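What follows is a set of notes on a single structure, which appears directly below.
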Amino acid sequence: MFHIYEGFHLVETYHKMRHQRKYNPDTKRAVKIALVALVTLLLWNMPTEWFGIQNLTVVQQRVIAIFAFATLMWILEIVSSWATSIAIMVLMLLFCTDSGIAPMVNEEEVGKLLSYKGVMACFADPVIMLFIGGFVLAIAATKTGLDAQLAKVLLRPFGTKSEMVLLGFLLVTGLFSMFVSNTATAAMMLTFLTPVFRQLPPEGKGRIALAMSIPVAANLGGMGTPIGTPPNNIALKYLNDPEGLNMGLGFGQWMMFMFPLVVVLLFISWRLLLKFFPFSQKTVELKIDGAMQKGFQSKVVIFTFILTVALWLSDRFTGINANTVAMVPFCIFALTGVINKRDLEQINWSVIWMVAGGFALGYGLNASGLAANAVESIPFGEFSPLLILMLGGAICYLLSNFISNSATAALLMPILAVVCGAMGDKLAPIGGTGTVLIGVAIAASSAMILPISTPPNALAFATGYVKQGDMSKVGIIMGVISMVLGFGLVYLMGTLKLI
């Protein structure tokens, strides 16, 4: 996606290196594969009474084994995250559903089976449609040059003073990341920074500040909307599940409290970057190439953007939920020829498969009855609400610094949804279930310590201006501030019954 930007080759190089590292046959990889196989088979075949869960069926035991398989595969990164998600769905279809291998799915022997339609439907979940709508909007904006034109218009008011240019890049990158992939946003904004880097003296630290501003803003900006980052979508899925928590949290409601948080965090990061990496040159000339195309299609894109965002923000009044609204731009762009079948190839299908696999895990936990059995067997009600919040956030933050934040959220959200559901009113002191699940989404976006933590980090590191120590220093401080303010905000919103 977004191959028109000069800096996008860095994205492709980053993903190619990660792919080669995962699939390179060596002893280390063989040991990882053996470990995953051993743990999975052990959990698959051990006596059901060893799990300590009452009335555990064979199907539920298989779901536990598949969950363990997914966890190890995502953490060890033996294959791509989306490949693991496909494996999850195939294993469930073959061994846990009413369309599985006949001798393995005799319901009288193995217990209640999952519906194969339910597993497959995870790929067409309404939240997946929200994802696709976001991708289509981004593709249309790039194709018509709307994104570059917006960047030029939005950056112009910040003038030529170095400190203000830095603030401009932080705010504009953060804004774009709310609606466009943070990887694509980072690639675009770093391309715009290339001529600025040439103007700054090599002995100064201004280049570091500008290069670091892009991943920091891209990571934090994703918190602002439900479509900003996959963990937000996953959290929304479990918060709004009609058969689960059914909280009815809307797009506009999410932005009502998360958008101000993002703005505050961006201003804090601005002061932090200036403190650590002050500019030696007081002014820079900002020149951004590219302009929006003129014609009917560009007008359609502008109108559709305004209409879509307006519908998202007014969902409480219109009654049209965010998932349905996401299909509106898809329909308009298809009918008017703004996007064609070749453009659809630019949709990030790997992310969609990744999320669908996480949804399949959640479906397996609930539809098999495993979640209900676990609730009865494990005294979740006796757990400390604060412990659940802190532990969930800490685990998510730590894992997201080393593996995909989507994979981390896909693993943690189903478990936390079950735990929170079992605790019921016990979570009231910390603001309810929304505090925990949204808190985990915030923790995922706050993880930006290493170059491998997120693609925007890798892109900034690839410029050569940022050292790993600089990234870790800013990443740790902003991560802690982000989680403290974010958790405090959702706690407040929860106790005031605003979520």
Side-chain angles (χ1 to χ4, degrees), residues 1-12 129-158 168-169 171-196 214 218 221 224-225 227-228 251 285-314 318 320 322-349 351-352:
M1 197 188 300
F2 315 108
H3 291 81
I4 64 170
Y5 300 125
E6 295 175 11
F8 199 82
H9 69 283
L10 296 174
V11 184
E12 295 181 320
M129 297 303 109
L130 184 60
F131 259 118
I132 292 176
F135 285 137
V136 168
L137 278 172
I139 291 169
T142 304
K143 189 175 180 180
T144 58
L146 175 61
D147 52 357
Q149 184 66 33
L150 275 174
K152 289 200 311 189
V153 171
L154 293 172
L155 285 168
R156 191 175 298 133
F158 293 94
F169 271 93
L171 294 178
V172 173
T173 303
L175 178 64
F176 274 44
S177 290
M178 294 180 191
F179 298 95
V180 180
S181 152
N182 61 7
T183 306
T185 298
M188 177 179 71
M189 299 305 286
L190 283 170
T191 300
F192 296 158
L193 273 176
T194 302
V196 178
I214 303 305
T225 66
I227 64 169
F251 196 103
E285 291 293 331
L286 190 60
K287 182 182 178 182
I288 297 177
D289 295 325
M292 187 169 182
Q293 299 173 7
K294 295 180 180 179
F296 171 72
Q297 291 191 345
S298 296
K299 293 177 182 177
V300 169
V301 172
I302 294 173
F303 166 77
T304 306
F305 253 88
I306 295 171
L307 174 64
T308 304
V309 173
L311 288 173
W312 268 333
L313 295 179
S314 60
T318 64
I320 310 172
N323 307 320
T324 302
V325 171
M327 298 302 293
V328 172
F330 202 167
C331 176
I332 294 175
F333 293 153
L335 291 176
T336 56
V338 172
I339 60 171
N340 53 43
K341 63 179 182 180
R342 197 170 293 276
D343 295 322
L344 294 182
E345 296 172 4
Q346 303 301 315
I347 291 176
N348 194 340
W349 295 106
V351 170
I352 292 174

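Basis for what follows: all heavy atoms, side chains included, without hydrogens, waters or symmetry-related copies. The model shown is predicted, which means the values in this text are computed figures rather than measured ones.
- Using a 4.5 Å cut-off on side-chain heavy atoms (C-beta onward), Lys299 and Thr336 make no contact.
- A 4.5 Å side-chain heavy-atom check between Leu193 and Met189 finds every atom pair outside the cut-off.
- Every residue two or more places apart in sequence or in another chain that forms a side-chain hydrogen bond (donor to acceptor under 3.5 Å, both in side chains) with Thr324 is listed here: Asn321.
- Considering all non-hydrogen atoms of both residues, Val153 and Pro157 come closest at O-CD, 3.1 Å.
- Residues Ala326 and Met129 approach most closely at CB-O, 3.5 Å, considering heavy atoms.
- The two residues Ala138 and Val180 have their closest heavy-atom pair at CB-CG1, 3.9 Å.
- Contact record, Phe192 with Ala151: CE1-CB, 3.5 Å, taken as the closest heavy-atom pair.
- Rounding to the nearest 0.5 Å places OG1 of Thr308 at 9.0 Å from CD1 of Ile227.
- Here Gln297 contributes atom CD and Ile339 contributes atom CD1; the two are 10.5 Å apart, rounded to the nearest 0.5 Å.
- Residues Thr173 and Ala218 approach most closely at CG2-N, 3.7 Å, considering heavy atoms.
- No donor-acceptor contact under 3.5 angstrom links the side chains of Asn182 and Ser177, judged on distance only.
- For the atom pair CG (Leu130) and CZ (Phe135), the distance works out to 10.5 Å, reported to the nearest 0.5 Å.
- Side-chain atoms of Asp343 and Phe333, non-hydrogen and from C-beta on, never get closer than 4.5 Å to each other.
- In terms of heavy atoms, Ile132 sits closest to Phe330 at CG2-CE1, 3.6 Å.
- Across Leu137, Ile306, Leu146, a single residue satisfies side-chain contact (heavy atoms from CB on, under 4.5 Å) together with Val301, and that is Leu146.
- Leu307 meets the side-chain contact (heavy atoms from CB on, under 4.5 Å) test with Phe303, Leu311, Val328, Ile332; sequence neighbours excluded.
- Every residue two or more places apart in sequence or in another chain that forms a side-chain contact (heavy atoms from CB on, under 4.5 Å) with Phe158 is listed here: Met164, Leu167, Leu171.
- Not counting sequence neighbours, the partners of Phe251 by the ring pair (Phe, Tyr, Trp, His ring centres under 6.0 Å) test are Trp312.
- Under the side-chain contact (heavy atoms from CB on, under 4.5 Å) criterion, Ser298 pairs with Thr144, Met292, Gln293, not counting sequence neighbours.
- Distance check: Gln346 CD to Lys143 NZ gives 10.0 Å after rounding to the nearest 0.5 Å.
- A distance of 10.0 Å separates CG of Leu154 from CD of Gln149, quoted to the nearest 0.5 Å.
- We find the OG1-CG distance between Thr185 and Asp147 to be 8.5 Å, quoted to the nearest 0.5 Å.
- Applying the side-chain contact (heavy atoms from CB on, under 4.5 Å) criterion to Ala186, with sequence neighbours excluded, gives Ile214, Pro456, Leu459.
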